Number of protein chains: 2
Amino acid sequence: MAAKRSGTRSTRSQRAGSVPQPRSETPLSLERIAATAVELLDVHGVDGLTMRRLADRLGSGVMSLYWHVDTKEDVFDLALDMVLEYRGQPQAAGTQDWRAEVIHILEDWRAQMLRHPWSASLLPSRALGPNILYRLELLGKTLSGAGVADANLNVAIWSLWNHVMGATITRASFDLSNDDQAAAQQRLHLSERYPTIERSRLPLDNDWDGVFRKGLDFLLDGLAPKP
Amino acid sequence: MAAKRSGTRSTRSQRAGSVPQPRSETPLSLERIAATAVELLDVHGVDGLTMRRLADRLGSGVMSLYWHVDTKEDVFDLALDMVLEYRGQPQAAGTQDWRAEVIHILEDWRAQMLRHPWSASLLPSRALGPNILYRLELLGKTLSGAGVADANLNVAIWSLWNHVMGATITRASFDLSNDDQAAAQQRLHLSERYPTIERSRLPLDNDWDGVFRKGLDFLLDGLAPKP
DNA sequence: ACCTGAACACCGTTCAAGT
DNA sequence: ACCTGAACACCGTTCAAGT
């Protein structure tokens, strides 16, 4: 009956059981596509993003998306870049405490990815978009300003990248399956191959934030320019 | 004509353009399924592994797989665990040089994953199988034997895990798209937002093995028990 | 310039059967 | 105990059209 009152055609293809989105007035745009993709990814995860669902939610036909986008891969790139936008203050040049600055840059990056748990595991496999490049630029500028020699700069950046990515991908993935952790501890107990990590209760005790900060401190100790 | 000579039925479903595998004599088993899945993953990547292709290659019907396996996820778990098997020497207990031992454990782990570039990115999102648990046990035992206190053991293990995973996932993923790296450097050049990393040529110069070793040294410096 | 539906060649998995 | 084909409810994308 609602269909009778509205002007939208109700014959438009729609997935079984899903509430059909009314044909939207606003035209499609990369901006809208990206924002809606992020919504879908946040709710349904990587496998839950399909072109059909995305179009449905945008109130358009599936194939309309393909005028704006070459392939589904592009949608992932757009969503990922949107999520990585840096919204920090313009940052006074050459702050006194470079170490605190680096930690802030990396924790902001990490927190942003953990808000969208699909994003971290997507990042290494895709072309580097403008927003992640800008974060790396900030990082490089800070390290360089702190006195890290040009010859060591890329090594320093990639070391920190590895640390952030390893910690964040792991955290975002494990977080989704807390039940498995208890099962894993149980499996350790039933075997005799794993005495050490059973005793330390490795699968259960995982203070990801603490590990992130401690490892970061070690790396910064090592990377700091020796006067 | 070959079909005429053999006893296999040629009517069995087969994907267009693919050479049909003769119905195999050997029965299915988790062992065979896992080994064949690894082959497919090595050649076609994560997206290239489909139940239909896998069955084809095993010379069986698709649904036969489902007697051995509940879901496609299980196939990934089996393949991943197979690839992570540790084939090291039994290792003399309490070697003198714990640091060299840790480095060996981690480099062997990393090398094994890089031989199967799909494996690293799969590992964090799946339940920990027996073979990766055994590698973590070795690592934990070595660290513990070196004098790392029980209270610090899990932190040490996860720190090193993060380092290995970050470095390996990134390397395995970037490796597949060398062209994109040149394009990324070009994009830096065309913008004015990225002066520092353009100067350091970040997307091009990536000595992954060197970064891995240097970061590892910093972590081990920090984690080493203070006498 | 922007949007569309029909159709194609795939997917993973349920089900009811076969041996 | 082990294997099977048909069928279902999906996919991403090509194509030829519509405005």
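Every chain is numbered from 1 and lettered A, B, ... according to where its sequence line falls, protein lines coming before strand lines. Source: prediction; values computed, not measured.
Contact check for B/L136 versus A/Y194: no side-chain heavy atoms found under the 4.5 Å cut-off. By the 4.5 Å heavy-atom criterion applied to side chains, A/R171 and A/D209 are counted as neighbours.
Rounded to whole Å, the distance from CG on A/L65 to P on D/dG12 is 10 Å. When the P atom of C/dC11 is taken as reference, atom CG of B/L54 falls 12 Å away, rounded to whole Å. The distance between atom CH2 of B/W67 and atom C1' of D/dC2, rounded to the nearest whole Å, is 6 Å. The distance from atom CG of B/D56 to atom C1' of D/dG5 is 15 Å, rounded to the nearest whole Å.
Taking a pair as Watson-Crick or G-U with both hydrogen-bonding distances under 3.5 Å, the stems of three or more pairs touching DNA chain D are C:4-8 with D:12-16, C:12-16 with D:4-8.
Contact between the side-chain N/O atoms of B/T50 and the OP1/OP2 oxygens of C/dC11 is found at a separation under 4.0 Å. Phosphate contact (OP1/OP2 of D/dC3, side-chain N/O of B/H68, threshold under 4.0 Å): present.
Among residues two or more places apart in sequence or in another chain, the side chain to side chain contact (heavy atoms under 4.5 Å, CB included) test is passed with A/E85 by A/R87, A/N131.
Formation of a donor-acceptor pair under 3.5 Å by the B/S125 side chain with backbone atoms of B/L122 is found in this model. Side-chain atoms of B/T168 do not come within 3.5 Å of backbone N or O of B/M165 as any donor-acceptor pair.
At a threshold of 4.0 angstrom between heavy atoms, the contacts of A/L49 are confined to the sugar-phosphate backbone, with no base atom among them.
For B/R135 and B/Y86, the positive end is not near the middle of the six-membered ring at less than 6.0 Å and at most 45° from its axis.
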Inset, instruction - For nucleotides 13-19 of chain D, just jot down a letter per nucleotide in 5' to 3' order: B, S or -, based on protein non-hydrogen atoms under 4.0 Å. - result: BBB----
Legend entry - Chi angles and distances behind the salt bridge (charged side-chain N to carboxylate O under 4.0 Å, His left out) call for B/D42, B/R115: CA-CA 9 Å; B/D42 285 350; B/R115 257 174 233 122; over 6 Å; no
Inset, instruction - Tell me, with the steps shown, if B/V38 and B/L78 meet side-chain contact (heavy atoms from CB on, under 4.5 Å). - result: CA-CA 9 Å; B/V38 169; B/L78 290 170; over 6 Å; no
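D/dA17 sits 22 Å from C/dC2 when the P atoms are compared, rounded to a whole Å.
A salt bridge is defined here as a Lys NZ or Arg NE, NH1 or NH2 lying under 4.0 Å from an Asp or Glu carboxylate O, and B/E137 with A/R193 fails to meet this definition. Between A/K72 and A/D77, none of the side-chain N atoms (NZ, or NE/NH1/NH2) sits under 4.0 Å from a carboxylate O, so this pair counts as no salt bridge. For the pair A/D207 and A/K214, the salt-bridge criterion is not met [side-chain N within less than 4.0 Å of a carboxylate O].
For residues 153-166 of chain B, every residue pair satisfying the side-chain hydrogen bond (donor to acceptor under 3.5 Å, both in side chains) rule, not counting sequence neighbours, is listed here: A/T170-B/W161, A/S200-B/N154, A/D205-B/N154.
For the segment residues 34-47 of chain B, the set of residues with a heavy atom within less than 4.0 Å of an atom of DNA chain C is empty. Residues from residues 75-83 of chain A that place a heavy atom under 4.0 Å from any atom of DNA chain D: there are none.
Evaluated for a side chain to side chain contact (heavy atoms under 4.5 Å, CB included) with A/R52, the options A/L54, A/D56, A/T50 yield exactly one hit, A/T50.
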